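Reading through the structure tokens given below for one structure.
One-based numbering along the sequence shown. What you see is a predicted model; the values in this text were computed from it and never measured.
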Amino acid sequence: MNLKKSLLLITAISMAFFLAACGDDDGAEFQWDFVTEEVQGQVQYEYAAEFAERMAEKSDGRVEITVFEYGGLGDGVDQAEQLMDGYTELAIVSPGFTGTMVEEAQLFALHFLFPDDIALTQQILDESEALNVELRAKYEEHNMTPLAFWTEGAMQWTGSSPLRTPDDFDGFQMRIQESPLISNSYQAYGADPTPLDWGELYTSLQQGALDGQENPIFFIEDAGFHEVQDHMTVSNHNNYVAMTVVNTDFYNDLPDDIREMVDETVEEMRSVGFEMQDQMNEELLTAIEEDTENPTEVYYLSEDERQAFRELAIPVRQFFIDNYGEDSGRILNMLEEEIQAAQQ
Ligand code: 6CS
């Protein structure tokens, strides 16, 4: 992190503490910060806001949660680090941003791993022992406890040029989240991946510094990326997985009744979060298709076209096992077996 960013971060954290201290007057016994990587109207923020409301109600006002939009507390990596260090209590974290801390969590960067059926994917995320026991333990080594893994939708590509075959990625300047395995996944297609904070992405695409990016449809529309990209490819090459994460010490130190309320709310939010992303992804696909002011050609890859990408993506799994974390092979194999069983 550079000096300017560090100063901004310190100011933002001090402000948060100051506001929390001011809040003591209203009597809430527990005052927590819930940080998200998105802004109002987007899935993560709306999930956290709903979570906060439910906790306030359930606890009769004993728990007050302040929800933070993306932006005030640094980038995705900074936010994960603040949670790990206990500056914040709860966060929605994209595993991509923890790739250098929990190497095994990079498995979410593997393309064509989860089923195309998004409801089945959510069921796997809910029930997987590989994720909810094994990977959770890896995060807990870093003082972060993922309480839920949940989908924000299938990921699609946007580009300044059409993206239909691996050849179209040759030399393509692809924006990625800061995660080594996401980079490997795009290098396998011949692209030139560049990590960048999403806050700077619109301008980079607009100015042509980057050629394209990947995200779920709701995010592409809401962040306006389609306005500065002529093409969108419905590739369903991966699933955008987010995690509801708590600081481990904070969570373990909670009184039993309050911890049970947190767990109960996490359970309730599984279907609420799923519905939120489902509705937003559907509505905003229509919005992109009907936006005549900023026309974007929407292309649906055929199964044969997807197969050409899948063939290049499969060897990345071995690369992941060989290079990222001592338990990556064991956890990935376990997850692949769970996926297979769920599909039968
Ligand atoms: O592309 C990104 O970096 C952002 N995309 C989503 C769907 N949520 C937050 C994340 O930082």
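Remark: Ser128 pairs with Ile124, Ala130, Leu131, Asn132, Leu335, Glu338 by the side chain to side chain contact (heavy atoms under 4.5 Å, CB included) rule, at least two apart or across chains. Among residues two or more places apart in sequence or in another chain, the salt bridge (Lys or Arg N to Asp or Glu O under 4.0 Å) test is passed with Glu260 by none. With sequence neighbours excluded, no residue forms a salt bridge (Lys or Arg N to Asp or Glu O under 4.0 Å) with Glu311. Not counting sequence neighbours, the partners of Asp116 by the salt bridge (Lys or Arg N to Asp or Glu O under 4.0 Å) test are Arg306. A search for side-chain hydrogen bond (donor to acceptor under 3.5 Å, both in side chains) contacts involving Asp263 returns Tyr251, not counting sequence neighbours. Looking at residues two or more places apart in sequence or on another chain, you find no ring-ring contact (aromatic ring centres under 6.0 Å, His included) involving Tyr300. With sequence neighbours excluded, the residues satisfying side-chain hydrogen bond (donor to acceptor under 3.5 Å, both in side chains) with Glu267 are Arg270. Listed by chain and number, the residues in a side-chain hydrogen bond (donor to acceptor under 3.5 Å, both in side chains) with Gln123 amount to none (sequence neighbours excluded). A search for side-chain hydrogen bond (donor to acceptor under 3.5 Å, both in side chains) contacts involving Asn215 returns Gln213, not counting sequence neighbours.
The stretch residues 205-226 participates, sequence neighbours left out, in no salt bridge (charged side-chain N to carboxylate O under 4.0 Å, His left out) pair at all. Within the structure, ring pair (Phe, Tyr, Trp, His ring centres under 6.0 Å) contacts touching residues 316-344 (residues at least two apart or in different chains) do not occur. Pairs engaging residues 165-185 under the salt bridge (charged side-chain N to carboxylate O under 4.0 Å, His left out) rule: none recorded [sequence neighbours left out].
The backbone N or O of Ser302 lies less than 3.5 Å from a partner atom in the side chain of Glu305, making a donor-acceptor pair.
Phe219 pairs with exactly one of Gln156, Glu152, Glu38 by the side-chain contact (heavy atoms from CB on, under 4.5 Å) rule, that one being Glu38.
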